[in-house]
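Input: a single structure, listed below in structure tokens.
In the text below, chain A, chain B and the rest are named by the order of the sequence lines, each starting its count at 1. These values consider heavy atoms only, across backbone and side chains, with no hydrogens, waters or symmetry-generated copies.
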2 protein chains.
Amino acid sequence: MAADPMYRQIAEDLRSKIEAGELPRGTQLPTEIELRDQYNASRNTVRDAIKWLITRGLVETRPGQGTFVVEKITPFVSTLTGDPETGFGGGEDDIYDLEVKATRREPTASVPRVEIQQVNDATAPELQLGQGSPVVSRHQRRFIDGTPWSLQTSFYPMRYVMDGAARLTDPSDISQGTVSYLRETLGIDQAGWRDMIVVRAPNQVETAFFKLPDDGRVPVVETRRTTFDSRGKPVRLTVSVYPADRNQFAVNVGKVPDEIVAPGSGEDSPSADNSST
Amino acid sequence: MAADPMYRQIAEDLRSKIEAGELPRGTQLPTEIELRDQYNASRNTVRDAIKWLITRGLVETRPGQGTFVVEKITPFVSTLTGDPETGFGGGEDDIYDLEVKATRREPTASVPRVEIQQVNDATAPELQLGQGSPVVSRHQRRFIDGTPWSLQTSFYPMRYVMDGAARLTDPSDISQGTVSYLRETLGIDQAGWRDMIVVRAPNQVETAFFKLPDDGRVPVVETRRTTFDSRGKPVRLTVSVYPADRNQFAVNVGKVPDEIVAPGSGEDSPSADNSST
DNA sequence: GCAAATTTGTTCGTATGTATT
DNA sequence: CAATACATACGAACAAATTTG
């Protein structure tokens, strides 16, 4: 009882039992009352230990049922790169390439929700627009095999609509893809893009849509894709949000083989802990 | 008291005050005793509210001092892509390109720690090695302006050393870079690489090195870079771990302008919350 | 340098509410 | 409806870290 607080000791003990396979995935832990007796602590202390395990994503509690070791999720893998000449985005509108280990799963998307907005303070510089400029936003919810996969919003300068790209405001899929639509109507070519990848806590909308635990311990990955024309001017901004607990990303540079090897994540760092700087 | 639990109401109230600027970054919140009186709740309930804010990274507590609104961190931005022909990795050994908004900061790295290990179960398939094959691991701690930036470990098949690349086991920097060293000694060319990006909770070593809060609420980003030769065979695997609270990543595809625009993250999704599927 | 005051951290006990079986 | 199990809330006491006098 000298070094660590009791709830940490209990938590570490349970953690080691989980990682040693003594408590396999999906099994139920002893109830809080049973743990209280086992560890000779109070129920509140046991609950502190469980809270610590929840934060690390090791267990989950279900009211009226018990505490369970979480099942491992087979992640979705999204490839952020693509062939800038041929494929260039895969042909689908705003949909990233997708490859999934073992089974090939099918992504589906909701009908776009289109809005005219004043450009956000955060996105204005990325689109090189003045504060408050009007933009068209096209928002979609995307699923894989029915489970929520990502939220995606693309922003286009309103000027494109004025200049003739009226279908940008159509609240339906632009089947040919907005890329080729902009090229054909306005002669805007797409020379490349940059993805900015940020990890952050989910907001309320994201927590609800992805059915994440409402204590914000599961982060989301936000990719902000700015597409440029050949003169280096930004054409659009696509913001996609993915829950980090079921998504991974791949980036290819140069010549690489096709198959994606299951990334085993986890404990690769040399076992010994570092001490000096 | 019907809808939300009291600790959530207190937390949301404090959150709105923080986001409205009423409680600026860095300022101290009222003490738990003061909050108890303000909200007419018990101290434990106030502490539950503070815990909720901590999980979301909005505040931090300092024992003996108080609770404070967290300061915003200017993030490091690492570019995962590069020119596959000319630059190809930037010339430094295993160091990614780095660009930082406004000021250009200098990355430094510790002397490599070299170990001969049996290949990990997770990394064996990525390097296409049999279970338990010997590998050389080269581990470095990397800093920017003195603050811990990333932990990086590269794995090479031990066979390379047998075949003549003895310096791979040198516990010092290979100044010319391992890429050109392998090309000159063994004729191994580097045709491309793939980065797998995973977000997960930090382990004990990472928590200590990055000085992260020990409750694992700050995730880490793990990039697993597999480098391939022109025949599509893996040459090496570089695993880098970055704390998500001070790092962002950029991926360039095709032709894009040089300057990286400050990515403002956050609240871009259309304001209204989604309801139906 | 030490002691007191302040503030958060841990642990206990207890009671009541809510969700599930 | 009853039993079970987790969720919330209160009160209290002591420990540990930090600042202040």
Item to check | Members of residues 51-58 of chain B that approach DNA chain D, where some heavy atom sits under 4.0 Å away | outcome: none

Item to check | Pair A/Tyr39 and A/Tyr7, ring centroids less than 6.0 Å apart | outcome: no

Checklist outcome for this item: Quick note, B/Thr31 side chain, CB onward, closest among D/dC10, C/dT7, C/dT11 is C/dT7

Next on the checklist: I want to confirm an ordering. Mapping A/Gly64 and A/Asn40 to their closest nucleotides on DNA chain C, which one lands closer to the 5' end?
Outcome noted: A/Asn40

Item to check | Atom pair OG (B/Ser150) and CZ (B/Arg141), whose distance is rounded to the nearest 0.5 Å | outcome: 11.5 Å

Checklist entry - Under the side-chain contact (heavy atoms from CB on, under 4.5 Å) criterion, do A/Ile197 and A/Leu80 qualify, and how do the steps go? => result CA-CA 10 Å; A/Ile197 304 171; A/Leu80 296 184; 3.6 Å; yes

Next on the checklist: Under a 3.5 Å distance rule, please check whether A/Asn247 uses its side chain to pair with a backbone N or O of A/Pro243 as donor and acceptor.
Outcome noted: yes

Checklist entry - Could you give the CG-to-P distance, from B/Asn44 to D/dA13, as a whole number of Å? => result 14 Å

Checklist entry - Between the side-chain atoms of A/Arg47 and the base atoms of D/dA5, is any donor-acceptor pair under 3.5 Å? => result no

Next on the checklist: Between B/Gln152 and B/Ser240, does the side chain to side chain donor-acceptor pair (under 3.5 Å) criterion hold? Intermediate values first, please.
Outcome noted: CA-CA 4 Å; B/Gln152 186 174 82; B/Ser240 305; 2.9 Å; yes

Next on the checklist: Would you say the rings of B/Tyr242 and B/Phe76 are close, in the sense that their centroids are separated by under 6.0 Å?
Outcome noted: no

Checklist entry - Hey, does the side chain of A/Gln65 come within less than 4.0 Å of C/dT21's phosphate (OP1/OP2), counting only N and O? => result yes

Checklist entry - Just how far, in rounded Å, is C1' of C/dT11 from CG of B/Asp48? => result 14 Å

Item to check | Atom pair distance, as rounded to whole Å: CD in A/Gln28 and P in D/dC6 | outcome: 7 Å

Next on the checklist: If you only use heavy atoms from C-beta on, which nucleotide in C/dT11, D/dC6, D/dC10 is closest to the side chain of B/Thr45?
Outcome noted: D/dC10

Checklist entry - Over how many whole Å does the gap from B/Arg36 atom CZ to C/dG9 atom C1' extend? => result 16 Å

Next on the checklist: So if I take every side-chain heavy atom of A/Arg43 and compare against C/dG9, C/dA15, C/dT7, which nucleotide ends up nearest?
Outcome noted: C/dA15

Next on the checklist: Counting C-beta onward and ignoring hydrogens, is there a side-chain heavy-atom pair between A/Glu60 and A/Arg62 closer than 4.5 Å?
Outcome noted: yes

Checklist entry - Could you give the CE-to-P distance, from B/Met6 to C/dT18, as a whole number of Å? => result 13 Å

Checklist entry - Does B/Thr61 have a side-chain nitrogen or oxygen under 4.0 Å from the phosphate oxygens OP1 or OP2 of C/dT7? => result no

Checklist outcome for this item: Taken to the nearest whole Å, CD1/B/Ile33 to C1'/D/dC10 is 14 Å

Checklist entry - Where each residue is assigned the nucleotide of DNA chain C containing its nearest heavy atom, which of A/Pro63 and B/Pro30 is assigned the position nearer the 5′ end? => result B/Pro30

Checklist entry - So, is A/Arg62 close to the D/dC6 phosphate, meaning a side-chain N or O under 4.0 Å from OP1 or OP2? => result no

Checklist entry - Hey, are the side chains of B/Leu35 and B/Glu32 touching, using non-hydrogen atoms and a 4.5 Å cut-off? => result no

Checklist outcome for this item: Quick note, B/Tyr7 side chain, CB onward, closest among D/dA7, D/dA9, C/dT8 is D/dA9

Next on the checklist: From C-beta outward on A/Pro5, which listed nucleotide comes closest to its side chain: C/dC12, C/dT8, C/dT11?
Outcome noted: C/dT11

Next on the checklist: Measure CZ/A/Arg8 against P/C/dG9 and give the value in whole Å, please.
Outcome noted: 14 Å

Checklist outcome for this item: Separation of C/dT8 atom C1' from B/Leu35 atom CG, nearest Å, is 12 Å

